There are 2 protein chains.
Amino acid sequence: MKQLARTPKDIGHAIREARKGQRLSQAELASRSGLWQETISKIENGVASTKMETLFDVLAALDLEIQVQPRSKGAPSSMEDLF
Amino acid sequence: MKQLARTPKDIGHAIREARKGQRLSQAELASRSGLWQETISKIENGVASTKMETLFDVLAALDLEIQVQPRSKGAPSSMEDLF
DNA sequence: AGTCATTATGATCTTTAGATCATAGAATCG
DNA sequence: CGATTCTATGATCTAAAGATCATAATGACT
């Protein structure tokens, strides 16, 4: 399951999917990553443009990592963002 | 050229490599991404744990994107970080 | 060595993410 | 339906990112 991300919203989205895939509540993820449920909510919804530090905390809690790569041709980030 | 990242430092590193690959100075990258040379320097050195918003500004300026994925087995982030 | 370009660092100020508490809204399920 | 669990939002406060200016350190090149 690889998710492209070009905006904070994309990442929030990817995080939510991963969290659900692992059957975790925001509160659980929060406690695992040393954050608050409210903060997770905001991150997932792209409300606050999180600090990297924080981002990596939740990525680690979900056992995810990030790959930096040249922009791929085709896919414009994520289809849904167009609507 | 794909670069794994599990810490802000990893990302700073990846950014610096990409910037050099494109023969840009920090000042040029800064102006392209609407930031300051000083800020780019700090990001590349992992001094300040950048906001995602800012991060995406520089990624866009370098025509990079990010992929969120499950942690790969082997490679522990980056070899150099161990020393 | 001396010059020019590039990068690092340090200070101050403003803005904002995140903590924290409270609570409103959804969703799920007996 | 009502109860419970999960998620969103709103307020206040504190810590820290980024702008901005100045300048030091480093690197390249002749």
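Just the heavy atoms: all of them, side chains too, but no hydrogens, waters or symmetry mates, feed the values below. Naming: A, B, ... by sequence-line order, numbering from 1 per chain. Values in this document were obtained by computation on a predicted structure and should not be read as measured data.
Within the structure, side-chain hydrogen bond (donor to acceptor under 3.5 Å, both in side chains) contacts touching residues 50-63 of chain B (residues at least two apart or in different chains) do not occur.
B/Q3 places none of its side-chain heavy atoms less than 4.5 Å from the side chain of B/D10. No side-chain heavy atom of A/L59 sits under 4.5 Å from any side-chain heavy atom of B/R6. A 4.5 Å side-chain heavy-atom check between B/I15 and A/V68 finds every atom pair outside the cut-off. In this structure the side chain of A/I11 reaches within 4.5 angstrom of the side chain of B/F56, judged on heavy atoms. Side-chain atoms of A/Q26 and A/R16, non-hydrogen and from C-beta on, do get closer than 4.5 Å to each other. Using a 4.5 Å heavy-atom cutoff, the side chains of A/I40 and A/S33 are in contact.
Placement of A/L35 and B/M52 within a single hydrophobic cluster is found when ILVMFWY residues are connected by side-chain heavy-atom separations under 4.5 Å, directly or transitively. Connection of B/L62 to B/L4 is not established within any shared hydrophobic cluster, with ILVMFWY side chains joined at heavy-atom distances below 4.5 Å, either directly or through further cluster members.
One can place CD of A/Q37 at 15 Å from P of C/dT23, the figure rounded to the nearest angstrom. A straight line from NZ of B/K51 to C1' of C/dT15 spans 7 Å, rounded to a whole angstrom.
Scored by the side chain to side chain contact (heavy atoms under 4.5 Å, CB included) test, A/E17 finds A/H13 as partners (sequence neighbours excluded).
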Exercise for the section: Carefully, step by step, assess A/R19 and A/L64 under the rule side chain to side chain contact (heavy atoms under 4.5 Å, CB included). Expected result: CA-CA 10 Å; A/R19 175 177 63 77; A/L64 298 173; over 6 Å; no

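Near DNA chain D, meaning a heavy atom under 4.0 Å from it, residues 23-35 of chain B has B/G34, B/L35 in order of number. Looking at residues 40-47 of chain A, you'll see A/S41, A/N45 sit with a heavy atom under 4.0 Å from some atom of DNA chain D.
For A/T54 and C/dG18, the shortest distance from a side-chain N or O to OP1 or OP2 is below 4.0 Å. For the pair B/R19 and C/dT6, the criterion of a side-chain N or O lying under 4.0 Å from OP1 or OP2 is not met.
Here the shortest heavy-atom pairing between B/R23 and B/E28 reads O-OE1, 4.0 Å.
The existence of a salt bridge linking A/R71 and B/E65 is excluded, since no basic side-chain nitrogen approaches an acidic carboxylate oxygen closer than 4.0 Å.
The nucleotide range of DNA chain D contacted by chain A, defined by atoms under 4.0 angstrom from heavy atoms of the protein and reported 5' to 3', is D/dT7 to D/dA17.
Within 3.5 Å, no donor on the side chain of B/E38 pairs with an acceptor on the base of C/dA8, nor the reverse.
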Problem - nucleotides 24-30 of chain C: protein proximity per nucleotide (B base, S sugar-phosphate only, - neither; heavy atom, under 4.0 Å) - result: -------

